[in-house]
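Quick notes on the structure that follows.
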Amino acid sequence: QGNFRPLKAEKVETAANGADGLRAGQELPIDVAVVDLGLPDMPGLEVIRQWRQNGQTLPVMILTVLMLFVVLLIGGDPNTPHRGLFGGSIQPSELAKITIIMYLALWLYSKRETLNKITLGLLPLVTILGITAGLIVLEPDLSAAITIVFLGGLLFFLAGGDMRQVILVVVIASVLGYIVVSVSST
(Lines give C-alpha, C1' and ligand atoms only; values in the text may rest on other atoms or scores of the structure.)
Protein backbone atom coordinates (compact mmCIF):
# COMPACT_ATOMS: atom_id res chain seq x y z
CA GLN A 1 0.00 0.00 0.00
CA GLY A 2 1.35 3.40 -0.98
CA ASN A 3 0.74 6.85 0.42
CA PHE A 4 -2.13 7.62 -1.95
CA ARG A 5 -4.72 9.94 -0.44
CA PRO A 6 -7.79 10.68 -2.54
CA LEU A 7 -9.15 14.21 -2.34
CA LYS A 8 -12.66 12.89 -1.87
CA ALA A 9 -13.87 9.40 -2.43
CA GLU A 10 -16.83 7.37 -1.33
CA LYS A 11 -14.67 4.26 -1.19
CA VAL A 12 -11.26 3.24 -2.45
CA GLU A 13 -10.80 -0.45 -3.23
CA THR A 14 -7.63 -2.35 -3.94
CA ALA A 15 -7.29 -5.79 -5.44
CA ALA A 16 -4.23 -8.03 -5.51
CA ASN A 17 -5.24 -9.92 -8.65
CA GLY A 18 -7.71 -9.97 -11.52
CA ALA A 19 -10.27 -12.20 -9.80
CA ASP A 20 -10.46 -9.80 -6.83
CA GLY A 21 -10.69 -6.88 -9.24
CA LEU A 22 -13.60 -8.53 -11.07
CA ARG A 23 -15.44 -9.08 -7.78
CA ALA A 24 -14.87 -5.46 -6.74
CA GLY A 25 -16.19 -4.28 -10.10
CA GLN A 26 -19.35 -6.33 -9.69
CA GLU A 27 -19.99 -5.25 -6.12
CA LEU A 28 -19.24 -1.53 -6.42
CA PRO A 29 -19.90 1.13 -9.05
CA ILE A 30 -16.52 2.12 -10.49
CA ASP A 31 -15.85 5.73 -11.35
CA VAL A 32 -12.08 5.52 -11.79
CA ALA A 33 -9.80 2.50 -11.96
CA VAL A 34 -6.06 2.09 -12.19
CA VAL A 35 -5.46 -1.43 -13.46
CA ASP A 36 -2.08 -3.11 -13.83
CA LEU A 37 -1.81 -4.75 -17.24
CA GLY A 38 0.28 -7.59 -15.81
CA LEU A 39 -1.88 -9.00 -13.01
CA PRO A 40 -0.78 -12.38 -11.61
CA ASP A 41 -3.80 -14.36 -12.79
CA MET A 42 -5.05 -12.54 -15.91
CA PRO A 43 -4.24 -9.49 -18.06
CA GLY A 44 -5.59 -6.19 -16.76
CA LEU A 45 -7.31 -5.55 -20.09
CA GLU A 46 -9.30 -8.76 -19.57
CA VAL A 47 -10.54 -7.43 -16.22
CA ILE A 48 -11.65 -4.19 -17.86
CA ARG A 49 -13.25 -6.06 -20.78
CA GLN A 50 -15.30 -8.16 -18.36
CA TRP A 51 -16.32 -5.07 -16.39
CA ARG A 52 -17.57 -3.53 -19.62
CA GLN A 53 -19.47 -6.71 -20.55
CA ASN A 54 -21.15 -6.63 -17.14
CA GLY A 55 -22.31 -3.05 -17.62
CA GLN A 56 -19.46 -1.30 -15.81
CA THR A 57 -18.20 1.71 -17.68
CA LEU A 58 -15.19 3.89 -17.09
CA PRO A 59 -16.34 7.41 -17.98
CA VAL A 60 -12.87 8.92 -18.31
CA MET A 61 -13.28 9.79 -22.00
CA ILE A 62 -16.73 11.29 -21.44
CA LEU A 63 -15.39 13.37 -18.55
CA THR A 64 -12.50 14.59 -20.70
CA VAL A 65 -14.81 15.66 -23.54
CA LEU A 66 -17.10 17.41 -21.05
CA MET A 67 -14.11 19.28 -19.61
CA LEU A 68 -13.14 20.35 -23.14
CA PHE A 69 -16.69 21.74 -23.58
CA VAL A 70 -16.54 23.51 -20.21
CA VAL A 71 -13.30 25.23 -21.18
CA LEU A 72 -15.05 26.61 -24.26
CA LEU A 73 -18.17 27.65 -22.33
CA ILE A 74 -16.43 29.56 -19.55
CA GLY A 75 -13.75 30.94 -21.80
CA GLY A 76 -14.33 34.68 -21.48
CA ASP A 77 -12.80 36.85 -24.23
CA PRO A 78 -13.12 35.00 -27.57
CA ASN A 79 -9.95 36.72 -28.87
CA THR A 80 -7.70 35.08 -26.28
CA PRO A 81 -6.90 31.39 -25.91
CA HIS A 82 -8.80 29.63 -23.15
CA ARG A 83 -7.21 26.25 -22.50
CA GLY A 84 -7.52 25.74 -18.78
CA LEU A 85 -9.85 25.45 -15.83
CA PHE A 86 -9.29 26.82 -12.32
CA GLY A 87 -6.99 29.58 -13.45
CA GLY A 88 -5.19 27.36 -15.92
CA SER A 89 -4.15 24.73 -13.36
CA ILE A 90 -6.10 22.02 -15.22
CA GLN A 91 -5.77 21.80 -18.98
CA PRO A 92 -8.23 19.28 -20.43
CA SER A 93 -6.29 19.11 -23.71
CA GLU A 94 -3.32 17.67 -21.79
CA LEU A 95 -5.61 15.21 -20.02
CA ALA A 96 -7.06 14.27 -23.41
CA LYS A 97 -3.65 13.11 -24.63
CA ILE A 98 -3.45 10.52 -21.88
CA THR A 99 -7.14 9.71 -21.96
CA ILE A 100 -7.17 9.05 -25.70
CA ILE A 101 -4.36 6.52 -25.28
CA MET A 102 -6.17 4.68 -22.47
CA TYR A 103 -9.61 4.84 -24.07
CA LEU A 104 -8.51 3.86 -27.56
CA ALA A 105 -6.29 1.04 -26.27
CA LEU A 106 -9.32 -0.52 -24.58
CA TRP A 107 -11.70 0.33 -27.39
CA LEU A 108 -9.41 -1.01 -30.13
CA TYR A 109 -8.81 -4.18 -28.11
CA SER A 110 -12.55 -4.72 -27.82
CA LYS A 111 -13.02 -4.09 -31.57
CA ARG A 112 -10.08 -6.21 -32.76
CA GLU A 113 -12.39 -8.68 -34.55
CA THR A 114 -14.24 -5.94 -36.46
CA LEU A 115 -11.47 -3.36 -36.70
CA ASN A 116 -11.28 -3.49 -40.49
CA LYS A 117 -15.02 -2.93 -41.01
CA ILE A 118 -15.82 0.68 -41.82
CA THR A 119 -19.03 1.00 -39.78
CA LEU A 120 -17.80 -0.89 -36.72
CA GLY A 121 -14.13 0.08 -36.66
CA LEU A 122 -13.11 3.06 -38.74
CA LEU A 123 -16.19 5.27 -38.49
CA PRO A 124 -16.48 5.24 -34.67
CA LEU A 125 -12.71 5.72 -34.34
CA VAL A 126 -12.56 8.78 -36.58
CA THR A 127 -15.63 10.21 -34.85
CA ILE A 128 -13.93 9.89 -31.45
CA LEU A 129 -10.73 11.43 -32.77
CA GLY A 130 -12.44 14.15 -34.82
CA ILE A 131 -14.66 15.42 -32.03
CA THR A 132 -11.87 15.37 -29.44
CA ALA A 133 -9.35 17.05 -31.75
CA GLY A 134 -11.94 19.57 -32.97
CA LEU A 135 -12.76 20.67 -29.41
CA ILE A 136 -9.06 21.07 -28.70
CA VAL A 137 -8.52 23.17 -31.83
CA LEU A 138 -11.28 25.50 -30.62
CA GLU A 139 -9.29 26.33 -27.45
CA PRO A 140 -7.02 26.86 -29.66
CA ASP A 141 -4.30 24.25 -29.17
CA LEU A 142 -3.34 22.94 -32.59
CA SER A 143 -0.32 20.95 -31.40
CA ALA A 144 -2.44 19.00 -28.87
CA ALA A 145 -5.07 18.29 -31.55
CA ILE A 146 -2.41 17.03 -33.96
CA THR A 147 -0.98 14.86 -31.18
CA ILE A 148 -4.43 13.36 -30.51
CA VAL A 149 -4.96 12.47 -34.18
CA PHE A 150 -1.40 11.12 -34.50
CA LEU A 151 -1.80 8.95 -31.37
CA GLY A 152 -5.13 7.64 -32.63
CA GLY A 153 -3.61 6.70 -35.98
CA LEU A 154 -0.62 5.07 -34.28
CA LEU A 155 -2.80 3.04 -31.91
CA PHE A 156 -5.01 1.98 -34.80
CA PHE A 157 -1.95 0.81 -36.72
CA LEU A 158 -0.60 -1.07 -33.68
CA ALA A 159 -4.01 -2.71 -33.21
CA GLY A 160 -3.79 -4.21 -36.70
CA GLY A 161 -5.03 -1.56 -39.12
CA ASP A 162 -2.98 -1.36 -42.30
CA MET A 163 -1.25 1.83 -43.43
CA ARG A 164 -4.02 2.79 -45.88
CA GLN A 165 -6.54 2.59 -43.05
CA VAL A 166 -4.29 4.65 -40.78
CA ILE A 167 -4.01 7.38 -43.41
CA LEU A 168 -7.79 7.24 -43.89
CA VAL A 169 -8.31 7.56 -40.11
CA VAL A 170 -6.04 10.61 -39.91
CA VAL A 171 -7.65 12.30 -42.93
CA ILE A 172 -11.25 11.66 -41.82
CA ALA A 173 -10.53 12.66 -38.20
CA SER A 174 -8.93 15.88 -39.46
CA VAL A 175 -11.97 16.63 -41.64
CA LEU A 176 -14.35 15.97 -38.73
CA GLY A 177 -12.22 18.22 -36.53
CA TYR A 178 -12.38 20.93 -39.19
CA ILE A 179 -16.18 20.57 -39.33
CA VAL A 180 -16.42 20.97 -35.53
CA VAL A 181 -14.29 24.11 -35.76
CA SER A 182 -16.26 25.55 -38.70
CA VAL A 183 -19.68 25.17 -37.09
CA SER A 184 -18.48 26.62 -33.81
CA SER A 185 -19.23 30.24 -33.04
CA THR A 186 -15.97 30.75 -31.11
Side-chain angles (χ1 to χ4, degrees), residues 1-68 90 92-133 136 144 146-170 172-173:
Q1 305 293 343
N3 291 327
F4 176 74
R5 293 183 188 159
L7 295 175
K8 180 180 177 191
E10 295 282 325
K11 186 168 186 167
V12 176
E13 275 298 312
T14 60
N17 56 47
D20 291 346
L22 287 173
R23 274 192 295 282
Q26 291 168 352
E27 296 169 5
L28 301 166
I30 296 174
D31 294 319
V32 176
V34 177
V35 180
D36 187 348
L37 297 179
L39 294 170
D41 57 345
M42 70 178 68
L45 289 177
E46 179 62 23
V47 172
I48 294 170
R49 186 187 66 75
Q50 288 187 34
W51 281 345
R52 290 180 69 181
Q53 280 182 340
N54 295 329
Q56 293 289 339
T57 59
L58 302 174
V60 176
M61 191 68 203
I62 294 170
L63 177 64
T64 302
V65 171
L66 287 175
M67 288 173 63
L68 290 170
I90 296 177
S93 62
E94 296 302 316
L95 176 65
K97 293 175 188 176
I98 296 168
T99 302
I100 205 79
I101 292 170
M102 294 185 321
Y103 182 79
L104 286 181
L106 295 172
W107 187 82
L108 289 166
Y109 177 78
S110 72
K111 298 290 183 185
R112 66 189 178 282
E113 306 298 326
T114 59
L115 196 58
N116 296 322
K117 295 182 180 175
I118 300 240
T119 56
L120 300 174
L122 284 175
L123 189 58
L125 175 66
V126 297
T127 302
I128 292 165
L129 292 175
I131 290 172
T132 305
I136 293 171
I146 291 169
T147 302
I148 294 289
V149 173
F150 174 77
L151 288 171
L154 178 64
L155 287 169
F156 184 74
F157 176 73
L158 293 173
D162 67 30
M163 191 52 76
R164 289 177 297 198
Q165 291 173 320
V166 172
I167 292 169
L168 186 60
V169 165
V170 171
I172 293 173

### Query
Looking at Thr127, Val126, Ile131, Leu125, which one forms a side-chain contact (heavy atoms from CB on, under 4.5 Å) with Leu129?
Leu125
### Message
Within the 4.5 Å heavy-atom criterion, are Tyr109 and Glu46 side-chain neighbours or not?
### Response
yes
### Task
Enter the distance from Leu158:CG to Leu104:CG here, rounded to the nearest 0.5 Å.
11.5 Å
### Message
Please report the interatomic distance CG(Asp41) to CG(Leu22), rounded to the nearest 0.5 Å.
### Response
8.0 Å
#### Entry: Approximate separation, where rounding is to 0.5 Å, of Ile167 CD1 and Phe156 CZ
12.0 Å
### Query
Atom CG of Leu155 and atom CZ of Phe150: how far apart are they, to the nearest 0.5 Å?
9.5 Å
### Task
Supply the atom-to-atom distance Ile128 CD1 to Trp107 CH2, rounded to the nearest 0.5 angstrom.
5.0 Å
#### Entry: Working for side-chain contact (heavy atoms from CB on, under 4.5 Å), residues Met42 and Asn17
CA-CA 8 Å; Met42 70 178 68; Asn17 56 47; over 6 Å; no
### Summary
Residues Ala15 and Gly21: closest non-hydrogen pair is CB-N, 3.5 Å
### Distance, nearest 0.5 Å, that separates NZ of Lys97 from CG of Leu151
8.5 Å
### Message
Please find the pair of heavy atoms, one from Leu68 and one from Ser93, that lie closest to each other, and give the distance.
### Response
CD2-N, 3.8 Å
